Novice: 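First the structure, which I've put down as structure tokens, then a few questions once you've had a look.
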Amino acid sequence: MASVENGAGPQDILLEIKGLKTHFALDEGTVRAVDGVDLEVRRKQVVGVVGESGCGKSMTAMSIMRLIPPPGQIVDGEIRFHRPFDERPDAKDIVDLAQFESNDRQLRDIRGNQISMVFQEPMTALSPVRTVGKQIAEAILLHQDVNKSEARDISIETLARVKMPNPEQRFDDYPFQLSGGMRQRAVIAMALACRPQLLIADEPTTALDVTTEAQILDLMRELQAEYDMAILYITHNLGVVAEMAEEVVVMYLGKVVERCDVDSIFYNPKHPYTRGLLNSIPRLEDVLQDNREKLNAIEGMVPSSFQRLSGCAFHPRCPDFMPGVCDEAEPQLIQLEEGHAVRCHLYT
Amino acid sequence: MTVYILQRVMRMIPLLFLLSLIAFLIIQLPPGDYLTEHINALRASGRDVDEAEVERLMKQYALDRPMHIQYLTWIQNILLKGSFGQSFQWGRPVNEVIGDKMALTFLLAIFTTVFVWAVSVPIGIYVSVRQYTFTDYLFTMIGFVGLAVPGFLLAMVVMYFSFAWFGLKVGGLFSPAYELEPWSIGKFQNMLTRIWVPVLILGIGGTAHIIRVMRATMLDELRKQYVTVARSKGLSEFAVLMNYPVRIAINPLISSLGFLLPWIISGGTVVEIVLNLPTAAVVLYRSLLSQDMFLAGSFILLVGTLALVGSLLADIALAAVDPRIRFGSVEEF
Ligand SMILES: Nc1ncnc2c1ncn2[C@@H]1O[C@H](COP(=O)(O)OP(=O)(O)O)[C@@H](O)[C@H]1O
Ligand SMILES: [Mg+2]
């Protein structure tokens with residue numbers, strides 16, 4: 001776990017997202033994949049983003065990378081990246097990533113260099129017809145002032161850092177010659193090759209088996225400390241959040257519904273949705289006793305993405321639903337105490 | 001890689017044998033043969049038949065012997081002496097009749113391929129990244145027209161307009177001055193000024209087809225995650241396209257290269273007749289009509305062999321660019 005630096009000031013901010021809206025204008029209607037997200041990542045901090053599938057986690061990440069698949073578009077909001085342009089920690093250059101064209105030169109200089117991303121599917125993340133090494137060295141050659149053999153050395157060294165067995169041989173292998181876990185290590189090496197300040201990890205272990213998942217999680221924690229980088233860790237698995245994150249952001253239908261430190265999420269959850277997520281983690285004694293009552297996930301389903309619900313988007317599934325309030329007015333994100341915000345009418 | 005190539009070459013040998021059998025059977029299948037027909041015609045018209053000459057030919061090609069002996073004699077002459085026999089129709093050895101025409105056909109095939117690829121691959125890539133835009137629809141429409149209009153019709157239209165508007169006769173590959181000359185730089189240049197017409201006409205269908213194939217495979221590849229991952233490294237869009245989806249989308253095209261020559265021969269025959277080209281397809285067509293058996297057989301054998309060699313080369317090229325084939329991985333991506 002990264003050291004929690006006390007008295008972290010605003011100069012530690014790496015990424016600030018304000019009112020981000022990413023919509024897909026489809027023939028059937030507008031999908032509000034991200035609908036007003038605010039979040040903050042400080043330097044060297046691991047922020048977990050949780051929520052059920054379809055609630056906009058990936059599209060938030062893709063918005064930061066500016067790689068949203070068409071017809072998706074950022075329609076509003078800011079993504080302010082505090083980029084260090086020299087060694088002094090207080091000197092920085094703030095850019096709003098949301099302002100660039102998605103193929104802009106400045107943006108491409110940041111991508112893969114200062115912000116990089118690890119994707120969910122290691123099996124399809126690499127081109128099958130190019131060697132693993134070429135695909136790693138490519139990013140190094142692009143962003144650093146090195147020649148081919150230096151890029152090769154850096155790649156092999158990075159492969160060694162991610163504990164790839166026989167990195168020199170693996171460099172010349174093709175992706176189909178590697179197992180899923182090894183591929184994910186290669187993908188992580190690719191993302192880390194330029195020593196980014198921010199790593200976005202979008203469910204990097206979801207496609208892996210449990211043993212490999214544990215190894216990759218360990219590895220990411222180690223690398224985070226070693227590389228002094230911040231991680232935006234996206235997952236639907238609260239167990240992984242407990243293991244990885246310091247700060248947690250809970251998302252529901254394109255909005256942040258709760259934001260706090262990792263302990264408060266487990267011991268003092270405020271939003272009914274967060275509580276629902278926690279209750280849906282199967283407890284060992286319930287499983288052993290086949291206690292089906294308690295094994296239920298949150299009641300109901302994530303509504304269709306075209307639907308626009310009035311008031312709080314969670315109200316049809318909410319156990320604490322207050323008629324006339326929750327289905328009328330949209331709740332705002334309110335600060336309950338230092339570092340704990342929630343978007344719920346129960347607290348207004 | 002060496003093992004792979006050796007394996008592929010070994011596999012070609014039985015195929016070649018089969019091909020020669022088929023070529024032989026095809027020319028033997030129709031009743032009668034050129035020699036008997038010829039003798040009969042001569043006799044019927046009451047003219048003298050040089051019995052000694054007939055005897056000699058019959059003996060040389062074992063025409064009076066059973067089928068399998070005929071086949072063996074034929075194939076033996078080809079393999080040991082490089083002689084494809086006599087063209088009865090032309091009264092000259094097949095080698096002489098074919099040589100030039102095969103070379104021209106080959107040249108035409110190469111020019112057409114280069115043209116087709118140079119035009120259709122960039123357009124295919126372009127429309128795939130501009131899916132459902134005006135350009136995409138425009139090329140789709142042009143493509144369907146190109147596929148639907150028969151080559152010979154296009155050839156006649158081109159001939160008509162070039163004559164009506166420019167007073168040009170576009171038939172043939174050479175102007176009359178060079179027609180019978182031996183090969184020279186001048187003759188080659190002369191050909192270049194004329195070859196574009198058949199290249200254009202023969203290539204239009206292929207161009208339309210390859211644009212469709214390229215667009216479809218590119219759209220498939222562009223959806224895949226490795227493209228997004230490549231973008232996430234900060235590569236420019238052009239570098240992403242060329243190094244990632246195009247590298248894979250081009251493979252089906254490479255493997256189709258082997259069928260090019262047979263395609264030009266079979267698809268181009270009518271066009272070549274209309275344009276009066278001195279290429280192989282026309283000669284093959286005539287020899288089949290007149291049962292000029294050694295000429296027709298040699299053609300089928302040669303074209304078939306070239307097709308097999310072509311697909312061998314295409315397979316080797318494909319293995320060179322696609323490691324999945326080299327390593328025999330069957331995994332789906
Ligand atoms: N390419 C797309 N076209 C249309 N809608 C999309 C597309 N990608 C994602 N969405 C929609 O955006 C919403 C959020 O998706 P996503 O961010 O992938 O969810 P998560 O990662 O939390 O599972 C979903 O409702 C999904 O239907
Ligand atoms: Mg996702």
Side-chain angles (χ1 to χ4, degrees), chain A residues 58 61-62 64-71 101-131 134-143 172-177 183 186-187 190-191 193-194 196 199-200 202 207, chain B residues 1 4 126-133 135-136 217-255 315-333:
Chain A
S58 295
M62 293 303 244
I64 301 169
M65 294 301 285
R66 296 300 312 277
L67 290 172
I68 310 149
E101 290 289 314
S102 68
N103 201 20
D104 188 282
R105 184 65 215 254
Q106 274 198 66
L107 187 63
R108 284 193 277 114
D109 280 345
I110 294 174
R111 250 187 224 157
N113 187 17
Q114 290 163 338
I115 305 181
S116 52
M117 184 158 170
V118 174
F119 296 82
Q120 179 170 347
E121 244 331 308
M123 302 314 261
T124 55
L126 296 162
S127 165
V129 299
R130 309 184 75 209
T131 60
K134 265 219 176 81
Q135 297 185 59
I136 298 174
E138 191 173 44
I140 301 170
L141 281 168
L142 189 70
H143 296 296
D172 293 313
D173 274 354
Y174 288 93
F176 56 80
Q177 295 171 291
R183 279 188 220 187
V187 170
M190 200 162 81
C194 294
L199 178 71
I200 302 174
D202 188 359
Chain B
M1 189 75 182
Y4 176 81
Y126 184 79
V127 295
S128 73
V129 296
R130 296 274 183 282
Q131 197 191 4
Y132 303 139
T133 61
T135 342
D136 187 22
T217 38
M218 276 296 285
L219 286 176
D220 259 6
E221 293 305 318
L222 281 168
R223 263 194 287 276
K224 297 196 176 159
Q225 174 147 273
Y226 69 81
V227 178
T228 310
V229 174
R231 289 201 184 101
S232 81
K233 285 186 242 181
L235 295 170
S236 73
E237 193 58 25
F238 184 77
V240 169
L241 281 179
M242 291 303 142
N243 288 326
Y244 289 88
V246 170
R247 274 285 301 267
I248 292 179
I250 208 94
N251 291 356
L253 296 190
I254 292 177
S255 58
D315 277 0
I316 292 173
L318 192 60
V321 299
D322 193 335
R324 286 172 295 179
I325 293 170
R326 221 157 50 233
F327 290 90
S329 156
V330 288
E331 197 178 338
E332 253 307 304
F333 277 85

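No experiment lies behind these values; they were computed from the predicted model shown.
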Novice: May I ask you to name which of B:Val227, B:Thr228, B:Asn251 has the most heavy-atom pairs under 4.5 Å with chain A?
Specialist: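 That would be B:Thr228.
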
Novice: What part of B:Val321 gets within 4.5 angstrom of chain A, counting heavy atoms only: side chain, backbone, both, or neither?
Specialist: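 Contact with chain A involves the backbone of B:Val321 alone.
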
Novice: Between A:Glu101 and A:Arg66 (salt bridge meaning N to carboxylate O under 4.0 Å), is one present in this structure?
Specialist: no

Novice: Is it the case that the side chains of B:Arg326 and A:Tyr174 hold a donor-acceptor pair, with the cut-off being a distance below 3.5 Å and no angle test?
Specialist: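 Distance-only check passes for A:Tyr174 and B:Arg326.
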
Novice: If you count heavy-atom pairs under 4.5 Å with chain B, which of A:Ile200, A:Asn103, A:Asn113 comes out on top?
Specialist: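 The candidate making the most pairs under 4.5 Å is A:Asn103.
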
Novice: Judged by modelled atom types alone, do A:Ser58 and A:Asp202 share a side-chain donor-acceptor pair under 3.5 Å?
Specialist: yes

Novice: Which residue out of A:Pro69, A:Gly112, A:Ala139 racks up the most heavy-atom pairs below 4.5 Å with chain B?
Specialist: A:Gly112

Novice: Is there a donor-acceptor contact under 3.5 Å linking the side chains of B:Glu221 and B:Tyr226?
Specialist: yes

